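No experiment lies behind these values; they were computed from the predicted model shown. In each ligand, atom 1 is the first atom listed, and ligand 1 is the first ligand listed.
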Amino acid sequence: MAKCRVCGAPAEAYLDYSRTYLCSRCFNDYYERKVGATIQRFKMIKPNDRVLVAVSGGKDSASLLAVLRKLLPDVEMAALYINLGIPQYSDHCEEKFKKITEVLGVESLVFDLKRELGFSIPDFRRTVYRRRLCSPCGTIKRYLMNKIAVEQGFSKLATGHHMDDIVETLFNSYLHGDVEQIVRLKPVLSSTHPKFVAKIKPLWNVTEQENLFYATYNELPVRTVGCPLAKGARSLEQKRYLSSLVEHIPNFRHVFLSSHMRELLPALERSITAPPLKECKKCGMPTSGEVCAFCKRAELVLGKISNQSPKFKV
Ligand code: AMP
Ligand code: FES
Ligand code: ZN
């Protein structure tokens with residue numbers, strides 16, 4: 001049986017990218033040190049920050065909340081869950097969210113899309129997004145996470161994006177030459193407007209598999225079902241491509257991300273100027289167009305299911 005490289009106890013975790021075996025205790029130490037180093041290196045959180053942690057019910061953001069609570073017990077923190085109204089999924093995730101915030105003793109905020117705004121993500125089936133519901137879902141979630149953080153006076157919004165997510169997104173943006181998207185994807189996205197909260201990704205340097213180990217060894221309550229709307233989504237296909245690359249080149253993600261950060265991002269950042277921000281005509285939030293992406297989608301879906309406009313006003 002394989003032994004832990006640090007203490008020699010029976011190993012439980014195998015890290016593919018470094019071909020290392022660790023027992024669960026040494027793995028937890030390693031994971032916490034790695035996340036702590038990322039927070040320090042990118043100066044993500046200061047002692048007087050108020051951090052809103054977006055928690056979806058999955059293993060990644062559950063690990064994020066647990067590790068932040070452990071590493072920064074004195075920092076003011078709350079967790080946010082957005083119930084997207086997806087049958088057989090959203091209520092299950094909310095239950096896990098409530099459990100984890102209880103176990104960790106973190107204040108919890110729940111935003112229920114259907115109750116607050118009158119539509120849910122499955123309602124987008126009646127729009128042009130019917131075959132790609134993840135797209136409006138992402139727009140709605142990003143908008144609400146930011147808006148709630150700003151309105152409730154949080155200085156940082158933390159999400160559970162991990163190295164696999166980041167490399168997948170970057171890889172895809174490189175394929176399509178989407179320089180703006182590449183430049184926006186950073187461990188810390190500072191606030192460029194009073195209505196934009198600063199966004200941080202403390203799991204920038206850990207893999208999805210490491211989150212799974214951390215959630216399992218710490219017995220975190222996490223969802224046991226996947227989103228039924230994401231079946232066949234392009235993002236799942238990209239995940240498979242990335243896994244097959246990693247099978248052949250185990251440290252592919254680490255090498256790709258570090259050369260991106262060291263060489264390419266600084267050069268790309270110099271070549272891009274952010275578009276000027278205006279106020280959305282509908283909701284007043286900052287946007288580069290006349291009406292923000294959230295309001296466009298909310299109007300579209302509400303127009304299909306009723307004759308309402310979004311109830312959401314600033
Ligand atoms: P995803 O875009 O689904 O991969 O999720 C990325 C991150 O966004 C997660 O790690 C969470 O931090 C956050 N997130 C996703 N869905 C929700 C949700 N329903 N409620 C709160 N946060 C979420
Ligand atoms: Fe957004 Fe499934 S969680 S489409
Ligand atoms: Zn708007």
Specify the protein heavy atom at minimum distance from atom 7 (C) of ligand 1: its residue, its atom name, and the distance to 0.1 Å.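 For this ligand atom, the closest protein heavy atom is H161 CE1, 3.9 Å.
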Which residue owns the protein heavy atom closest to atom 8 (O) of ligand 1, what's the atom, and how far is it?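 Scanning the protein heavy atoms, the shortest distance from atom 8 (O) of ligand 1 goes to M145 CE, 3.9 Å.
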Does ligand 1 come near enough to [X] that some N or O of the ligand is less than 3.5 Å from an N or O of the residue?
X    : answer
K141 : yes
A158 : no
L84  : no
A54  : yes

Which is it for Y217 and F27 under the ring-ring contact (aromatic ring centres under 6.0 Å, His included) test, yes or no, and what are the steps along the way? CA-CA 9 Å; Y217 301 152; F27 172 81; 5.7 Å; yes
Test log, rule salt bridge (charged side-chain N to carboxylate O under 4.0 Å, His left out), inputs K186 and E269: CA-CA 11 Å; K186 289 197 278 204; E269 272 184 320; 2.5 Å; yes
Take atom CD of E180 as the centre, draw a 6.0 Å sphere, and report whether it contains more than 12 heavy atoms from other residues, nucleotides or ligands.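 Count not over threshold, so no.
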Is it the case that more than 12 heavy atoms not belonging to Y14 sit under 6.0 Å from its OH atom?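 Yes, OH of Y14 has more than 12 neighbouring heavy atoms, counting only those of other groups under 6.0 Å.
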Could you please compute the angle at the Zn ion (ligand 3) from SG of C295 to SG of C283, rounded to 10°?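 Vertex the Zn ion (ligand 3), arms to SG of C283 and SG of C295: 110°.
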Angle subtended at the Zn ion (ligand 3) by SG of C292 and SG of C280, to 10 degrees?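 Answer comes to 110°, rounded to 10°.
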Need the ligand 1 atom indices (1-based, order shown) with element for anything under 4.0 Å from a heavy-atom of [X].
X    : value
Y81  : 19 (N), 20 (N), 21 (C)
S61  : 10 (O), 11 (C), 12 (O)
T159 : 12 (O)

Heavy atom to atom 14 (N) of ligand 1, shortest distance: which of C227, S56, G57, S63 holds it?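 Nearest option to atom 14 (N) of ligand 1, by heavy atoms: S56.
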Output field: ring centroids F256/F171 closer than 6.0 Å: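 Here the rings of F171 and F256 have centres that are less than 6.0 Å from each other.
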Hey, could you give me the CG/NE2 distance between L212 and H162, rounded to the nearest 0.5 Å?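 If we round to the nearest 0.5 Å, L212:CG and H162:NE2 are 10.0 Å apart.
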Does the side chain of Y129 come under 3.5 Å of the side chain of R297 through a donor N or O and an acceptor N or O?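 Checked: Y129/R297 side chains pair up, N/O donor to acceptor below 3.5 Å.
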Could you check whether Y17 and Q209, counting side-chain N and O atoms only, form a donor-acceptor pair closer than 3.5 Å?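 The criterion, which ignores hydrogens and geometry beyond distance, is not satisfied for Y17 and Q209.
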Which protein N, O or S atoms lie under 2.8 Å from atom 2 (Fe) of ligand 2?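 Metal shell, protein only: C227 SG.
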Heavy-atom side-chain proximity of L22 to V6 below 4.5 angstrom: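 The answer is yes; the side chains approach within 4.5 Å.
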Are side-chain heavy atoms of L144 and L113 found at a separation under 4.5 Å?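 Touching, per the 4.5 Å side-chain cut-off.
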Less than 4.0 Å between a side-chain N and a carboxylate O, is that true for K98 and E94?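 K98 and E94: salt-bridged.
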Is R184 salt-bridged to D178, going by a charged N under 4.0 Å from an acidic O?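 Here R184 does not pair with D178 in a salt bridge, since their nearest N and O are not under 4.0 Å apart.
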Kindly confirm or rule out a cation-pi arrangement of R50 over F154, judged by NZ or CZ under 6.0 Å from the six-membered ring centre and within 45° of its axis?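 Yes; both conditions hold, so R50 lies above the ring face of F154.
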Ligand 1 contacted by D60 (non-hydrogen, < 4.0 Å):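 No, D60 has no heavy atom closer than 4.0 Å to ligand 1.
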Any atom of ligand 1 sitting under 4.0 Å from a heavy atom of L80?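 Yes, L80 has a heavy atom closer than 4.0 Å to ligand 1.
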Determine whether the side chain, the backbone, both or neither of V55 has a heavy atom under 4.0 Å from any heavy atom of ligand 1.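 The part of V55 near ligand 1 is the backbone, not the side chain.
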Short check: is a protein heavy atom less than 4.0 Å from atom 19 (N) of ligand 1?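 Neighbour list for atom 19 (N) of ligand 1 includes protein heavy atoms (cut-off 4.0 Å).
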How far apart are the C-alpha atoms of E32 and Y214, what are their side-chain angles, what is the distance that settles it, and do they pass the side chain to side chain donor-acceptor pair (under 3.5 Å) test? CA-CA 9 Å; E32 287 161 9; Y214 194 72; 2.6 Å; yes
